[in-house]
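Below is one structure; the comments refer to it alone.
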Amino acid sequence: MLAIGDGSASAASPVLEFTSQSSVLPFSFDAQGGEVTAVLSEFDTVVHCEAAQGTGEIVRPRTAFSSYSFSGCETQGGSKGGQECKSEGALAKEIRTPMIEAELVFIDQAKKEVGMVLDPSGGVYMEFKCGGENVKAFGPFVAPVGPINQEGTSFTASLFRSGATQVPSAYETLTGERVPAIPTGERGSQPAATTGVELSFAIHTFQPLAIKVITAAEVEAKQHDEEAAAKRRHDDEEAAKVAAAKKQGEEEEAARKRQEEATKQREAARAKQRQRQRAQAKARARKRSKALKQCRKADSKKVRVRCEHRVKKRFAPHKASKR
């Protein structure tokens, strides 16, 4: 009665699978159930079994195979009540099934309701006789399962009916397509009619498992959040680059201005120094001229020449600075 997700869905697809943190396929399980009632449309007698049990194995991520036996089976009420029901080769009042395929499906993806569709191909999944009259049961039918997104070794699978109609009577594919799942039965030579079966199984696995369910809407929302987060990171990185470039530009501009200011200060200092040198040169020239005039007043040529020599030597122009 168990099935498991195939894990092959793309990033844009919903997730529906059995997962385990410590185990790998295949997974074995057994199932223990209580009373079973089965109603066939247009037939006033109910098939009732006292207990049910089964074993199986999850062989692919969303697929399982299992077989079941029902004990204490007989008809109740109506025109053919009180008859023993049993499969060929089974014990008294025992109905056995062959190996039945089951597939994990969405019952309602939007509500995160999941189940197994048993006998998805719709063939004969059970055959027995009640009071010598042959009965055949055909699938598919859906059993809700739970809990979801919670790891454990115990799960439930239940079948519900409304009269001779199985509830629910359809399931959804991963892409949201609705697929009918209406079980039918044949009694003797009577034509096939709808059936409704009611029972509840407690399923026990030998490894902790979880039914992992993520809807397409949740996948899209996560992708949207991841894309938004990626865009924010990109925007933050671009903003950081712009801020870094701006800071670098401001630092380069400040360095350029400091360099310009230093150049201006050096040029101003040189201009001031040249101005001071020119003023000093003019002062020396005036003093030299005045001193030479005084030398020319000397009485002798010898004294005058000696005086002029001293003046010229004293007021000789300074060598220009190499700066």
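Computed from heavy atoms alone, side chains included, the values below leave out hydrogens, waters and symmetry copies. If you read the sequence from its start, that first residue is 1, and numbering goes on from there.
- The shortest non-hydrogen separation linking Thr215 to Pro14 is C-CB, 3.8 Å.
- Judged by distance alone, with hydrogens and angles left aside, the side-chain atoms of Asp44 form a donor-acceptor pair with the main-chain N or O of Ser79 at under 3.5 Å.
- Using a 4.5 Å heavy-atom cutoff, the side chains of Ile95 and Cys49 are in contact.
- Summarising the local packing, CD of Glu253 is surrounded by more than 12 heavy atoms from other residues, nucleotides or ligands at distances under 6.0 Å.
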Begin from the C-alpha positions of Asp108 and Glu172 and carry the test side-chain contact (heavy atoms from CB on, under 4.5 Å) through to its verdict. CA-CA 7 Å; Asp108 188 324; Glu172 295 181 8; 4.3 Å; yes

Salt bridge (Lys or Arg N to Asp or Glu O under 4.0 Å) assessment of Lys231 paired with Asp235: CA-CA 6 Å; Lys231 185 178 185 302; Asp235 291 345; 2.9 Å; yes

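- Summarising the geometry of Pro147 relative to Ser154, their closest heavy-atom pair is CD-O, 4.2 Å, with the distance given to 0.1 Å.
- A distance of 12.5 Å separates CD in Gln265 from CZ in Arg258, rounded to the nearest 0.5 Å.
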CA sep, side-chain torsions, deciding dist, call: Glu260, Arg256, salt bridge (Lys or Arg N to Asp or Glu O under 4.0 Å): CA-CA 6 Å; Glu260 289 180 350; Arg256 185 185 64 80; 2.2 Å; yes

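- Here the CE atom belonging to Met99 is positioned 8.5 Å from the CZ atom belonging to Phe65, to the nearest 0.5 angstrom.
- Remark: Glu88 CD is loosely packed, at most 12 non-hydrogen atoms of other residues, nucleotides or ligands lying under 6.0 Å away.
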Check against side-chain contact (heavy atoms from CB on, under 4.5 Å), Glu218 and Lys112: CA-CA 10 Å; Glu218 290 174 320; Lys112 299 184 78 169; 3.1 Å; yes

Stepwise side-chain contact (heavy atoms from CB on, under 4.5 Å) check, Leu159 with Val36: CA-CA 9 Å; Leu159 292 170; Val36 183; over 6 Å; no

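- Counted within 6.0 Å of CD on Glu238, heavy atoms from surrounding residues, nucleotides or ligands total more than 12; the atom is thus considered enclosed.
- With hydrophobic clusters built from ILVMFWY side chains whose heavy atoms lie under 4.5 angstrom apart, Met126 shares a cluster with Val135.
- Asp299 CG: 12 or fewer foreign heavy atoms inside a 6.0 Å radius.
- Between Gly77 and Thr45, the closest heavy-atom pair is O-OG1, 3.0 Å.
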Could you walk me through whether Lys80 and Glu133 pass side-chain contact (heavy atoms from CB on, under 4.5 Å), step by step? CA-CA 10 Å; Lys80 295 188 177 184; Glu133 185 175 52; 3.3 Å; yes

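- A donor-acceptor pair under 3.5 Å is formed between the side chain of Thr97 and the backbone N or O of Tyr68.
- Taking OG1 from Thr37 and CG from Leu199, the interatomic distance works out to 8.0 Å, rounded to the nearest 0.5 Å.
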Walk me through it: do Glu186 and Lys136 pass the test salt bridge (Lys or Arg N to Asp or Glu O under 4.0 Å)? CA-CA 5 Å; Glu186 290 182 358; Lys136 291 182 180 180; 5.1 Å; no

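- Residue Phe160 holds its CZ atom at 9.5 Å from CD of Gln166, rounded to the nearest 0.5 Å.
- Between the side chain of Ser41 and the main chain of Ala193, no donor-acceptor pair closer than 3.5 Å is present.
- Side-chain contact of Gln248 with Glu252: a donor-acceptor pair under 3.5 Å is present, judged by distance alone.
- In this structure a side-chain-to-backbone donor-acceptor pair under 3.5 Å is missing from Glu101 to Pro120.
- Contact detail for Ala157 and Ile203: the closest heavy-atom pair is CB-CD1, 3.6 Å.
- Between the CD1 atom of Ile58 and the OG atom of Ser66 there is a distance of 9.5 Å, given to the nearest 0.5 Å.
- Between the side chains of Thr263 and Arg266, at least one donor N or O sits under 3.5 Å from an acceptor N or O.
- Ser162 places no side-chain N or O within 3.5 Å of a backbone atom of Thr165 that could act as its donor or acceptor partner.
- Contact check for Lys93 versus Lys86: no side-chain heavy atoms found under the 4.5 Å cut-off.
- Considering Val117, Leu118, Val197 as possible partners of Phe141, the one that fulfils the side-chain contact (heavy atoms from CB on, under 4.5 Å) test is Leu118.
- Remark: side-chain polar atoms of Thr75 are not paired, donor with acceptor, to backbone N or O of Val47 under 3.5 angstrom.
- A distance-only check finds no donor-acceptor pair linking the side chain of Glu84 to the backbone of Cys73 [under 3.5 Å].
- Val46 and Phe43 are members of different hydrophobic clusters when ILVMFWY side chains are connected at heavy-atom separations under 4.5 Å.
- Of the options Val142, Thr195, Thr194, a side-chain contact (heavy atoms from CB on, under 4.5 Å) to Ile182 is made by Thr194 and by none of the others.
- Outside the 6.0 Å centre-distance limit, the rings of Phe155 and Phe29 are not counted as a close aromatic pair.
- Proximity of Pro208 to Thr153: side-chain heavy atoms (C-beta onward) are separated by under 4.5 Å at one or more points.
- Counting heavy atoms of neighbouring residues, nucleotides and ligands inside a 6.0 Å radius, atom CZ of Arg306 exceeds 12 of them.
- You'll find the side chain of Lys257 stays beyond 4.5 Å of the side chain of Glu261, heavy atoms only.
- Of all heavy-atom pairs spanning Val59 and Leu25, the tightest one is O-CD1, 4.1 Å.
- Atom CD in Gln294 sits 10.5 Å away from atom CZ in Arg296 (nearest 0.5 Å).
- Side-chain N or O atoms of Ser87 include one that pairs as donor or acceptor with a backbone N or O of Arg96 at under 3.5 Å.
- Proximity of Leu174 to Ser13: side-chain heavy atoms (C-beta onward) are nowhere separated by under 4.5 Å.
- Pairing each heavy atom of Asp119 with each of Phe138, the nearest pair is OD2-C, 4.2 Å.
- Between the side chain of Glu308 and the main chain of Cys295, no donor-acceptor pair closer than 3.5 Å is present.
- Ring to ring, Phe128 and Phe70 are not that close: their centroids are 6.0 angstrom or more apart.
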